[in-house]
There are 2 protein chains.
Amino acid sequence: MSTAGPRPRRATIRDVALEAGVSRGTVSRVLNGEPYVSAQAREAIEKAVARVGYVPNSAARNLATRRSQAIGFIVHEPHELFLEDPNIGAILLGANRVLSGSDHQMVSLVIDSERDSRRVARYLSGGFVDGAVVVSARQDDTLLTTISRLGIPATLVGRPPATSRVPWVGIDNKGAARAITEHLISTGRRRVGMIAAALDRDSGSDRLAGFREALGPAFDRRLVVENQLYEYTAGRTGMIELLEREPEVDGVFAASDAIAAGVLDALRAAGRRVPEDVGVVGFDDSSWALRCQPLLTTVHQPARLLGEAAAASVLAQLRGTATDDPAGGLLETHVVVRESA
Amino acid sequence: MSTAGPRPRRATIRDVALEAGVSRGTVSRVLNGEPYVSAQAREAIEKAVARVGYVPNSAARNLATRRSQAIGFIVHEPHELFLEDPNIGAILLGANRVLSGSDHQMVSLVIDSERDSRRVARYLSGGFVDGAVVVSARQDDTLLTTISRLGIPATLVGRPPATSRVPWVGIDNKGAARAITEHLISTGRRRVGMIAAALDRDSGSDRLAGFREALGPAFDRRLVVENQLYEYTAGRTGMIELLEREPEVDGVFAASDAIAAGVLDALRAAGRRVPEDVGVVGFDDSSWALRCQPLLTTVHQPARLLGEAAAASVLAQLRGTATDDPAGGLLETHVVVRESA
DNA sequence: GGGGTGTCTGTGACCGTTCACAGAGAGACC
DNA sequence: GGTCTCTCTGTGAACGGTCACAGACACCCC
């Protein structure tokens with residue numbers, strides 16, 4: 001039985017005041033870095049804080065200020081993908097970095113079912129978070145309407161539906177997809193296909209649009225295999241399907257690196273050499289790209305920066321210093337040429 | 001400027017009491033499921049809660065009860081690995097499941113530097129968490145002494161140093177390593193090596209010990225390549241090193257699936273066929289195992305269950321219902337035979 | 001000297017819960 | 001009918017901060 005005895009009572013702001021010979025109010029002012037405190041009082045309080053080992057009680061502060069000092073990090077993906085997709089992880093780390101730097105706690109909320117969706121909505125309306133970063137919202141997401149109804153400061157990662165006025169950060173998926181496809185074509189490929197995914201989201205549909213634009217009249221709908229998710233197995237089965245539809249295919253644009261990894265394995269199993277027989281390009285430049293054999297040519301997406309930008313945007317909204325430009329955060333991408341095309 | 005106007009005041013316990021025609025105390029009792037409330041009052045209150053849309057204010061509750069309703073999930077690994085290692089992710093999901101089921105918020109704390117270590121220690125002593133799940137603590141971790149000094153209920157994932165009295169859950173790494181090595185030998189391998197890792201942790205050193213035990217007198221220290229971390233690149237470079245030391249090697253035990261994936265790629269690059277020329281086995285049965293070509297023979301480790309068991313153990317300590325058996329949670333593993341050996 | 005302005009400090013009320021205590025009523029038992 | 005127990009309810013005082021307000025003091029200017 002290690003029921004940890006009666007924990008020692010922690011020092012409060014009153015103890016500090018007593019120790020420093022001032023009032024609670026003055027201590028509070030020092031703690032919050034407010035002006036109008038004499039240097040003498042400030043010094044005495046700082047010493048007292050150290051002496052009594054004072055640590056602020058966040059519950060009390062949150063109660064008094066009616067804030068939670070927490071920001072929700074909402075991911076609308078299956079739990080499994082949350083782990084498998086290094087992109088989401090990188091966005092999370094970036095956001096966490098900015099938030100912990102400004103004394104906010106990040107709370108991750110994964111939506112994987114209708115039930116989760118309600119749970120998160122309740123969480124948001126319960127005032128447990130002061131704001132939210134939303135990753136990979138669907139085009140028709142009810143979450144977005146919930147958020148704007150509650151008036152919770154939020155920033156999306158990825159472009160929201162045109163009707164929405166929620167701020168967002170993102171990349172130019174269409175332009176980047178066009179660029180990488182053009183690179184693929186420039187290596188002399190004639191029959192180019194695509195393993196697409198997540199067409200219900202801006203990233204998925206924009207990447208397909210960019211692919212289509214790059215090919216122009218040569219575009220052939222038959223050579224596009226569609227999938228639900230950006231995942232390895234989708235790449236594997238998708239490539240098998242594509243080879244069946246068009247055995248002559250000599251170039252493939254995979255909508256993500258994870259998909260590309262699956263494509264490479266399927267091609268190897270089918271006895272095709274990469275890049276000699278078939279050129280393959282991906283999207284993300286995540287850790288998958290360097291795990292592949294051959295190393296993957298792909299689009300570099302600054303996932304960590306996206307997370308940082310999104311978090312910074314939420315904080316700016318909280319402080320009321322947000323600019324009015326919702327797309328202020330369109331970050332740069334570039335093609336990274338390695339071995340696979 | 002979307003500074004979100006004055007948010008509507010949320011309903012409090014007083015509003016519910018007024019609406020139901022009872023006192024605050026009675027409402028509080030119903031909310032906390034206490035006995036000694038008449039069926040009539042209970043019903044009236046439940047209806048009132050729904051009518052006014054009441055959601056409890058956790059800050060106020062935490063202040064009054066002097067609890068935080070939060071459990072720390074402490075990972076002592078580099079940020080990068082936190083993402084790359086599907087095992088940690090699975091443990092996290094398991095823990096999160098149990099915790100959110102009992103109304104606790106999970107707070108992830110990643111320790112990646114000395115500075116982080118201090119930050120986490122401050123966080124723990126600040127009363128921000130009621131308990132902690134600690135993953136992959138090092139044998140000499142100062143965190144463990146901090147925790148036992150503060151008397152915070154905690155449970156480790158993985159066996160702690162013998163001197164520690166902290167409860168833990170884990171698997172029999174040594175026995176499992178011996179079993180998978182024996183399987184490898186049973187496929188007729190003569191020169192068997194190991195790519196080891198994380199020898200400063202129980203999991204790493206126990207897996208090496210099990211390997212050694214299985215080989216008996218045939219054990220050859222030269223055929224063990226040591227690494228810092230359980231990661232893909234360690235497998236790749238480690239295998240290259242092993243082939244240099246012993247070109248005749250025909251069996252490899254990789255200390256994790258991620259390492260095994262690196263081993264497979266290095267072998268492919270060296271022109272060796274798996275399993276014909278070399279048999280390869282891993283450890284974890286994580287998502288890596290199914291991504292490999294050929295599919296990996298490995299030890300199934302119930303990572304998700306470990307997370308659940310650890311979280312449950314912390315909750316039991318909080319409720320004071322913990323059993324006194326610190327190793328009550330030794331979970332089962334088994335060998336999964338696929339294609340690589 | 002009177003009035004204004006700017007700096008600094010203390011006090012009481014409040015944030016929304018829980019908890020201990022007191023007390024009301026009902027029934028059981030002698 | 002008195003006492004005892006059991007069930008149920010209301011009340012006031014915390015919990016540990018923040019915030020608005022009032023007031024003290026110093027200084028400057030007319």
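Each chain gets a letter, A, B and so on, in the order the sequences are listed, and its residues count up from 1. Source: prediction; values computed, not measured.
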K.L.:
Which of the following nucleotides, C:dT9, C:dT17, D:dG10, is nearest to the side chain of A:Arg29?
P.N.:
C:dT9
K.L.:
Under the 3.5 angstrom rule, does the side chain of B:Asn32 hit a backbone N or O of B:Glu34 as a donor-acceptor pair?
P.N.:
no
K.L.:
Using whole Å, what does the distance between atom C1' of nucleotide D:dC15 and atom CZ of A:Arg14 come to?
P.N.:
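It is 9 Å, rounded to the nearest whole Å.
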K.L.:
What is the distance from CD of B:Glu34 to C1' of C:dC19, rounded to the nearest Å?
P.N.:
9 Å
K.L.:
Is the phosphate of D:dG17 approached by A:Tyr54 (side-chain N or O, under 4.0 Å from OP1 or OP2)?
P.N.:
yes
K.L.:
Under 4.0 Å, heavy atoms only, any strand: does A:Ala59 hit a base, just the sugar-phosphate, or nothing?
P.N.:
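Since no nucleic acid heavy atom lies under 4.0 Å of A:Ala59, the category is nothing.
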K.L.:
Roughly how many Å is it from CG in A:Leu63 to P in D:dA14, rounded to a whole number?
P.N.:
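Nearest whole value for this atom pair: 17 Å.
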K.L.:
Can you see if the side chain of A:Ser23 gets near the phosphate of C:dT9 - specifically, an N or O under 4.0 Å from OP1 or OP2?
P.N.:
no
K.L.:
May I ask you to evaluate whether B:Ser28 reaches the phosphate of C:dT18, defined as a side-chain N or O under 4.0 Å from OP1 or OP2?
P.N.:
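Answer yes for this pair, as a side-chain N or O of B:Ser28 is under 4.0 Å from OP1 or OP2.
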K.L.:
B:Asn32 side chain N/O closer than 4.0 Å to the phosphate oxygens (OP1, OP2) of C:dT18?
P.N.:
yes
K.L.:
Can you work out whether B:Thr12 or A:Pro35 has the more 5'-proximal nearest nucleotide on DNA chain C?
P.N.:
A:Pro35
K.L.:
Any side-chain N or O of A:Ser38 less than 4.0 Å from the OP1 or OP2 oxygen of C:dT9?
P.N.:
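Yes, such a contact exists.
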K.L.:
At less than 4.0 Å, is any side-chain N or O atom of B:Thr65 found next to OP1 or OP2 of C:dT17? Yes or no.
P.N.:
no
K.L.:
Let's test your reading of the model: under 3.5 Å, does the base of D:dG16 pair with the side chain of A:Arg10 as donor and acceptor?
P.N.:
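Donor-acceptor pair under 3.5 Å: no.
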K.L.:
Establish whether the base of C:dG16 is bridged to the side chain of A:Arg66 by a donor-acceptor pair shorter than 3.5 Å.
P.N.:
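Looking at the base of C:dG16, it does not pair with any donor or acceptor on the side chain of A:Arg66 (distance under 3.5 Å).
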K.L.:
Taking the side chain from B:Asp130 and the backbone from B:Ser68, do they hold a donor-acceptor pair closer than 3.5 Å?
P.N.:
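Confirmed, B:Asp130 side chain pairs with B:Ser68 backbone.
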K.L.:
Is B:Arg24 side chain donor-acceptor paired with the C:dT18 base, going by distance under 3.5 Å alone?
P.N.:
yes
K.L.:
Quick one: do the A:Ser58 and A:Gln69 side chains pair a donor with an acceptor below 3.5 Å?
P.N.:
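No.
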K.L.:
Whole-Å distance between C:dG16 P and A:Arg61 CZ?
P.N.:
18 Å
K.L.:
Do A:Lys47 and A:Glu43 sit within salt-bridge range, that is, some charged N less than 4.0 Å from a carboxylate O?
P.N.:
yes
K.L.:
Under the side chain to side chain contact (heavy atoms under 4.5 Å, CB included) criterion, do A:Ile91 and A:Phe73 qualify, and how do the steps go?
P.N.:
CA-CA 10 Å; A:Ile91 294 172; A:Phe73 185 89; 3.9 Å; yes
K.L.:
Just to confirm, is there a sub-4.0 Å distance from OP1 or OP2 of C:dT7 to any side-chain nitrogen or oxygen of A:Tyr36?
P.N.:
yes
K.L.:
To the nearest Å, give me how far apart CZ (A:Arg42) and C1' (C:dT7) are.
P.N.:
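Distance, rounded to whole Å: 13 Å.
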K.L.:
OP1, OP2 of D:dC15 versus side-chain N and O of B:Asn62: anything below 4.0 Å?
P.N.:
no
